[in-house]
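First comes the structure, then the notes that go with it.
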Amino acid sequence: MSLNTPYLDCARSAALEAGAFLREHFGSELNVNALEKHDIKLELDVQTQELITQRLLGTFPDHALYGEEGIAGNPASDFQWIVDPIDGTVNYFYSIPHFCISIALREKKTLLVGVIYDPMRDEMWAVERGGEATLNGKPIHVSGRTELSEAVLSVGFSKTGTTINAGLPMLEKMVHRARKCRLMGSAALDMAYISCGRLDAYIEQGISLWDVAAGILLIEAAGGKVEMNPRPDNKDKYSIVASNGKLDLAD
Ligand code: IPD
């Protein structure tokens, strides 16, 4: 069942508009706001979030917005948009065409809408609470694979030495047990790929809510499972295991 509320429509148009903007600048010389050891922050991240903010809060002026590039809107609102304007910024900067826009809406703690858009492949994943997960309008499901030996897993490495060190033992273990492990550089696309059965699981030790909020709703609606735990050393970061819900990923 597709519900198509104004929330979903607005999230989709904001993602399409932002996607066109990112496509236009892809491969061009980019202004860097900050260059870090394991991360890059672009002026375009900020500009893209501004564009998305105008679209979302222009339509719903009483809502709040929490994004990778800052917060906006009414902080007292029960409705909060969660936005990653470019998930896969390092890929984008290196002209690797694997990145996306991720937009979710929650009411208090309940996710209502999730949209992930890959502008280079023109792929739009969309879902709203109570409806089915879709890719370009068609219903999608997680994979049916039950054996880890047949599974393809994506592993993410976040931005600090601590989270990288926390992820390495998991990679070392999984790389021997799964058919293949991949490091693709966009957590939101990893989540989208699980929702439509391209990947079987995704694991990372230091992810932010904006990277995965839309993906959580997509995976759950598509029949999969997501487990997230706040990191003890950083209250805004989480460890995450997302999967088709059929694999045994335990030690
Ligand atoms: C990053 C990507 C990457 C993941 C990092 C994220 P960003 O998001 O999703 O795949 O490993 O943890 O921070 O910075 O490109 O929006």
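Order of listing sets the numbers, starting from 1, for every ligand and every atom in it. Index from 1, following the sequence.
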Q) Could you walk me through whether Leu16 and Met124 pass the side-chain contact (heavy atoms from CB on, under 4.5 Å) check? A) CA-CA 9 Å; Leu16 280 172; Met124 173 79 76; 3.6 Å; yes
Q | Nearest neighbour in protein (non-hydrogen) for atom 8 (O) of ligand 1 | A | Asp87 OD1, 3.0 Å
Q: Would you mind listing which atoms of ligand 1 come within a distance below 4.0 Å of any non-hydrogen atom of Ala187?
A: 2 (C), 9 (O), 10 (O)
Q: Determine, stepwise, if the pair Tyr117 / Arg12 fulfils side-chain contact (heavy atoms from CB on, under 4.5 Å).
A: CA-CA 8 Å; Tyr117 181 53; Arg12 266 195 301 239; over 6 Å; no
Q. If you count the atoms of ligand 1 from 1 in the order shown, which ones are under 4.0 Å from a heavy atom of Asp84?
A. 16 (O)
Q. So which of Glu204, Lys159, Met191, Met184 gets nearest to atom 4 (C) of ligand 1, if we judge by its closest heavy atom?
A. Glu204
Q.
Using a 4.0 Å cutoff against the non-hydrogen atoms of Asp211, which atoms of ligand 1 qualify?
A. 6 (C), 8 (O), 9 (O), 13 (O), 16 (O)
Q: Would you please indicate yes or no on a ring centroid separation below 6.0 angstrom for Tyr193 and Tyr202?
A: no
Q. Quick check: are there more than 12 heavy atoms from other residues, nucleotides or ligands sitting under 6.0 Å from CD of Glu36?
A. yes
Q.
So for atom CG, which belongs to Leu183, do other residues, nucleotides or ligands contribute more than 12 heavy atoms lying within a distance under 6.0 Å?
A. yes
Q: Just jot down the ligand 1 atoms closer than 4.0 angstrom to any heavy atom of Phe157, in number order.
A: 11 (O)
**Q.** salt bridge (Lys or Arg N to Asp or Glu O under 4.0 Å) contacts touching residues 136-157 (sequence neighbours left out)
**A.** Arg145-Asp200
Q. What do we get for Phe99 next to ligand 1 when only non-hydrogen atoms under 4.0 Å count, side chain, backbone, both or neither?
A. neither
Q.
Does only the side chain of Ile86 get under 4.0 Å from ligand 1, or the backbone, or both, or neither? Count heavy atoms.
A. backbone
Q | For Ser186, atoms of ligand 1 separated by under 4.0 Å from a heavy atom | A | 9 (O), 10 (O)
Q: For residues Trp81 and Ile52, determine if any side-chain heavy atom of one lies less than 4.5 Å from a side-chain heavy atom of the other.
A: no
Q | Structural part of Ser158 in contact with ligand 1, heavy atom criterion under 4.0 angstrom | A | both
Q: Report yes if some N/O of Ile207 lies less than 3.5 Å from some N/O of ligand 1; otherwise report no.
A: no
Q | Distance from atom 15 (O) of ligand 1 to nearest protein heavy atom, with residue and atom | A | Gly88 N, 2.7 Å
Q. Does NZ belonging to Lys225 count more than 12 external heavy atoms closer than 6.0 Å?
A. no
Q.
My understanding is that we take every heavy atom of each candidate and find the minimum distance to atom 3 (C) of ligand 1. Doing that for Gly167, Pro85, Gly185, which one comes out nearest?
A. Gly185
**Q.** Atom indices of ligand 1, in the order listed, that fall short of 4.0 Å to a heavy atom of Thr89
**A.** 15 (O)
Q | Where at least one partner belongs to residues 65-74, residue pairs that pass salt bridge (Lys or Arg N to Asp or Glu O under 4.0 Å), sequence neighbours excluded | A | Glu68-Lys159
